[in-house]
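Below: one structure, written as structure tokens.
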Amino acid sequence: MLEIEGLEKHYGDLKAVNGLNLTIQPGEIFCMLGANGAGKTTTLMVSLGFTDPTRGTVKICGIDVSRDPLEAKKHVAYVSENVMLYGNFTARQNLDFFTKLGGVKDATDQDYEQVLKRVGLQKDAFNRRVKGFSKGMRQKLGIAIAIMKDAEVILLDEPTSGLDPKSGAEFLQLLNELRAENKAIWMTTHDIFRAKEIADRVGIMVAGKLVQLLTREELQQQDLEALYVQYVSQATEEAA
């Protein structure tokens, strides 16, 4: 479970995150929509312990990220928009390295092959150097690394960026499987249509604030695109 209570992150006079309260339960997919600079990625960075909050707390599986970051990191996996990998390593070597770095020491070659197949990476790429991979292939490998860690909480920053329609559909199926495994999943995205298709709840973040929170039932009754544009346009006008 991911619990965010009264979270604020200030950079001088800028309130990148402003009073955020949010809980993501096991077996739930939560999608956060927001323009660049809305505070989505800052929230993720605080949740990962990469930067300290100005106020408030983030807990992962009941562990305060600021007070015990190393213990909290054992329970969370992260996939960024631009997955950082070792270009001269093969896909399998990257997977082995990051899996062991994440604390899993007993994974076998069969485990690696199964997870690479599961995320949709073609078999002829398993032993190819990653420096020749497309962005979509790197995303798939990043997701495979997250799955191998078997963390209870998964944080995804624009994970569908760079994926073609087929790969995007496969990714949504993979999220459904992870939800069925009782993972708590946070995904930031600009992809309104995929968010509406996969999410149990969707939040809209504007200027550091969570301005709207919609359940799956409410999503079926709302024009999410129109609602999102309305909030973003209003924030732009207020800033001007």
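- A search for side chain to side chain donor-acceptor pair (under 3.5 Å) contacts involving Gln173 returns nothing, not counting sequence neighbours.
- In this structure the side chain of Met137 reaches within 4.5 angstrom of the side chain of Gln122, judged on heavy atoms.
- In summary, the side chains of Asp157 and Thr41 do present a donor paired with an acceptor at a separation below 3.5 Å, with no hydrogens or angles considered.
- Asp150 has a carboxylate O that lies under 4.0 Å from a charged side-chain N of Lys183, or vice versa, which qualifies the two as a salt bridge.
- Summarising the local packing, CZ of Arg216 is surrounded by more than 12 heavy atoms from other residues, nucleotides or ligands at distances under 6.0 Å.
- Here CD of Gln25 is found 11.0 Å from CG of Asp200. Values are rounded to the nearest 0.5 Å.
- Partners of Arg118 under the side chain to side chain donor-acceptor pair (under 3.5 Å) rule, at least two apart in sequence or in another chain, are Glu177, Glu181.
- Transitive grouping of hydrophobic side chains (ILVMFWY, heavy atoms separated by less than 4.5 Å) brings Phe89 and Val130 into a common cluster.
- Donor-acceptor pairing under 3.5 Å is recorded for the side chains of Thr108 and Asp111.
- Checking Val119, Leu116, Val83 one by one against Leu141, the side-chain contact (heavy atoms from CB on, under 4.5 Å) holds for a single residue, Leu116.
- When each of Thr54, Val46, Leu7, Leu210 is paired with Val17, the side-chain contact (heavy atoms from CB on, under 4.5 Å) condition holds for Leu7 and for no other.
- Within a 6.0 Å sphere centred on CZ of Phe97, other residues, nucleotides and ligands contribute more than 12 heavy atoms.
- Using a 4.0 Å cut-off between charged nitrogen and carboxylate oxygen, Glu218 and Arg201 do not count as a salt-bridge pair.
- Residues Lys74 and Glu71 are paired through a salt bridge, judged by an N-O separation under 4.0 Å between the basic side chain and the carboxylate.
- Within a 6.0 Å sphere centred on CD of Gln110, heavy atoms belonging to other residues, nucleotides or ligands number 12 at most.
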